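Encoded as structure tokens, the structure appears first; notes follow it.
Only heavy atoms go into these numbers, but all of them, side chains included; no hydrogens, no water, no symmetry mates. Note that the structure is a prediction, hence the values are computed from the model and not measured.
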Amino acid sequence: MNNINLIILLDPDTYIYIVWGVLLLLTTFWGLSWFFTKRRKLMYGLLAVILLVWGIFLYGSYIGVNQLEVKRVELAFDDLPVAFDGYKIVQFSDVHTATMRGWRHQLLERAIDSINVQQADLVVFTGDMQNKEPDEVFPDTALLATIKAKDGVYSVMGNHDYTMYLDNPTDYDEYTNTGLRMGIDYDLGWHLMVNQHYRIRRGKQNIVIAGMDMDGDGIRFPQQGDISMTLNGVRRSDFVVMLEHDPSSWKRKILPHSHCQLTLSGHTHGGQFSLFGWSMANLRYKENSGLYNIGDRYLYVSNGLSGVVPFRFGASPEITVITLHKKK
């Protein structure tokens, strides 16, 4: 069995039940210990810690996981074509539809309503529609198909959209499951980009929407992004918005090998737990939530909507409204 599969072998709710069990055992152990120790200050300290963990767990699992935020970002560029001044892009990411079941499904419905309310010029999806396999997405295709934008919906694949989380996938699994997953975007009418780009036109002016394949570290996550193929035919004078699921590719590949002015990513979920600006994602990703820039080149990392484990504390589910401006 592949060790990387261990995190998603269980049903999403099973993780919540496991934490319930662990906390109940710890609370029971504390209660029994109260009668066998006279170290009251220590016991009160342990009780405070246990109550804090209970509070974080209950909030994150039943309230925070459903607190959708609409974040707004305004960015100005010297080289943005005048015809695209005020161009509005809505980004959403990391839907993980298998986790949005039961009462949590209302979050997906609200998110899609919020996307459509923005009346965006362009909607982009930056990967991870499923946890393990395409069957998880099929019940929501009718709902996802209601997402609309003037210039359409553009998407890329994330690590969960491939077969890497199936146990010992065969070549047949690679072909059928990946093909089915890609087919979902096509059936929705979305423009799925696998190392390719499109031009969005306003009169005689245009910008480029590019999508690079999942480009992780090549060890834990697949490194399939080919930036030369993605930008083949793109001119240095073009304004480029790059979609790439893994934000670590920004410094590793996009910055040194392209001139892309804006990169949109997901993947990190903002760590799903954040306290005073610190999250577990900080241990692996320097750019893990929100807006980053080096000079006049920007990266935005979405916290996404969901995850394999249904929990959010300090890193709320989000959609992002990004408005492009021409510098005056």
Side-chain angles (χ1 to χ4, degrees), residues 1-37 42-69 93-111 128-133 136 140 158-160 164-167 220-221 266-285 288-289 302-318:
M1 180 179 295
N2 192 334
N3 290 333
I4 201 170
N5 295 345
L6 293 178
I7 192 173
I8 59 167
L9 285 178
L10 304 178
D11 180 83
D13 282 311
T14 302
Y15 296 100
I16 302 300
Y17 300 147
I18 289 173
V19 178
W20 266 104
V22 170
L23 287 177
L24 286 171
L25 285 174
L26 287 174
T27 305
T28 302
F29 178 77
W30 180 90
L32 293 174
S33 300
W34 175 265
F35 297 101
F36 297 99
T37 181
L42 174 63
M43 294 302 293
Y44 284 129
L46 290 175
L47 178 61
V49 172
I50 291 173
L51 291 176
L52 176 63
V53 174
W54 267 113
I56 291 173
F57 164 66
L58 292 174
Y59 178 88
S61 301
Y62 298 100
I63 299 176
V65 74
N66 202 35
Q67 296 296 303
L68 178 68
E69 289 188 14
S93 191
D94 299 270
V95 173
H96 293 272
T97 52
T99 305
M100 289 196 179
R101 293 290 175 257
W103 65 272
R104 286 189 297 270
H105 193 262
Q106 63 177 299
L107 174 65
L108 181 59
E109 297 170 355
R110 286 166 47 221
D128 276 4
M129 185 65 74
Q130 62 190 32
N131 284 348
K132 291 172 64 175
E133 51 193 342
E136 303 163 3
D140 289 312
N159 50 298
H160 283 270
M164 62 181 292
Y165 297 105
L166 294 177
D167 188 26
R220 186 181 178 194
F221 299 111
H267 186 54
T268 66
H269 307 175
Q272 294 189 216
F273 173 86
S274 179
L275 192 62
F276 304 118
W278 185 91
S279 76
M280 292 297 291
N282 290 107
L283 299 176
R284 180 173 289 272
Y285 299 94
N288 57 75
S289 179
S302 171
N303 287 345
L305 289 176
S306 188
V308 173
V309 179
F311 177 90
R312 293 282 179 138
F313 186 95
S316 298
E318 72 171 73

ask   = Stepwise, does the side chain to side chain contact (heavy atoms under 4.5 Å, CB included) test hold for Leu52 with Phe57?
value = CA-CA 9 Å; Leu52 176 63; Phe57 164 66; over 6 Å; no
ask   = Does the pair Tyr44 and Trp34 meet the rule for a side chain to side chain contact (heavy atoms under 4.5 Å, CB included), with working shown?
value = CA-CA 10 Å; Tyr44 284 129; Trp34 175 265; 3.6 Å; yes
request  = Show your working on side chain to side chain contact (heavy atoms under 4.5 Å, CB included) between Leu68 and Leu305 and close with a plain yes or no.
outcome  = CA-CA 8 Å; Leu68 178 68; Leu305 289 176; 3.7 Å; yes
message = Could you walk me through whether Asn303 and His269 satisfy the side chain to side chain contact (heavy atoms under 4.5 Å, CB included) test, starting with their C-alpha distance in whole Å, then the side-chain angles of each, then the deciding distance to 0.1 Å, before giving a yes or no?
response = CA-CA 4 Å; Asn303 287 345; His269 307 175; 5.9 Å; no
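Residues Val95 and Asp128 are not in side-chain contact: their nearest non-hydrogen atoms beyond the backbone lie 4.5 Å or more apart.
Side chain of Thr268 to backbone of Ala281: no donor-acceptor contact under 3.5 angstrom is found. Between the side chain of Asn282 and the backbone N or O of Ser279 there is at least one donor-acceptor pair closer than 3.5 Å. Between the side chain of Trp30 and the backbone N or O of Leu46, no donor-acceptor pair lies under 3.5 Å. With hydrogens and angles ignored, the 3.5 Å screen pairs a side-chain donor or acceptor of Gln130 with a backbone N or O of His160. Using modelled atom types, one side-chain atom of Gln272 and one backbone atom of Val309 make a donor-acceptor pair closer than 3.5 Å. With hydrogens and angles ignored, the 3.5 Å screen pairs no side-chain donor or acceptor of Arg312 with any backbone N or O of Tyr59. Under the 3.5 Å distance criterion, the side-chain polar atoms of Ser93 are left unmatched by any main-chain donor or acceptor of Ser302.
Side-chain atoms of Trp20 and Ser61 include no donor-acceptor pair closer than 3.5 Å. A donor atom on one side chain and an acceptor atom on the other are found under 3.5 Å apart for Asn159 and His267.
Using a 30° and 60° split on the angle between ring planes, Phe313 and Phe311 fall in the parallel class, below 30°. By the 30° and 60° cut-offs, the orientation of the rings of Trp103 relative to Tyr62 is parallel.
Going from atom CE of Met100 over to atom OG of Ser306 covers 4.5 Å, rounded to the nearest 0.5 Å. Remark: Leu47 CG to Ser33 OG distance equals 12.0 Å, nearest 0.5 Å. With rounding to the nearest 0.5 Å, the separation of OG1 in Thr28 from CG in Leu23 is 10.5 Å.
Between Val65 and Leu107, the closest heavy-atom pair is O-CD2, 3.4 Å. Residues Pro317 and Gly64 approach most closely at CD-O, 3.5 Å, considering heavy atoms. Between Gly270 and Ala315 the shortest heavy-atom distance is O-CB, 3.7 Å. Closest heavy-atom contact between Asn131 and Glu136: N-OE1, 2.6 Å.
Not counting sequence neighbours, the partners of Arg104 by the salt bridge (Lys or Arg N to Asp or Glu O under 4.0 Å) test are Asp13. Judged as a side-chain contact (heavy atoms from CB on, under 4.5 Å), and not counting sequence neighbours, the contacts of Met280 are Trp278, Leu283.
At a threshold of 4.0 Å, the pair Asp140-Arg101 counts as salt-bridged, since one of the basic side-chain nitrogens sits closer than that to a carboxylate oxygen.
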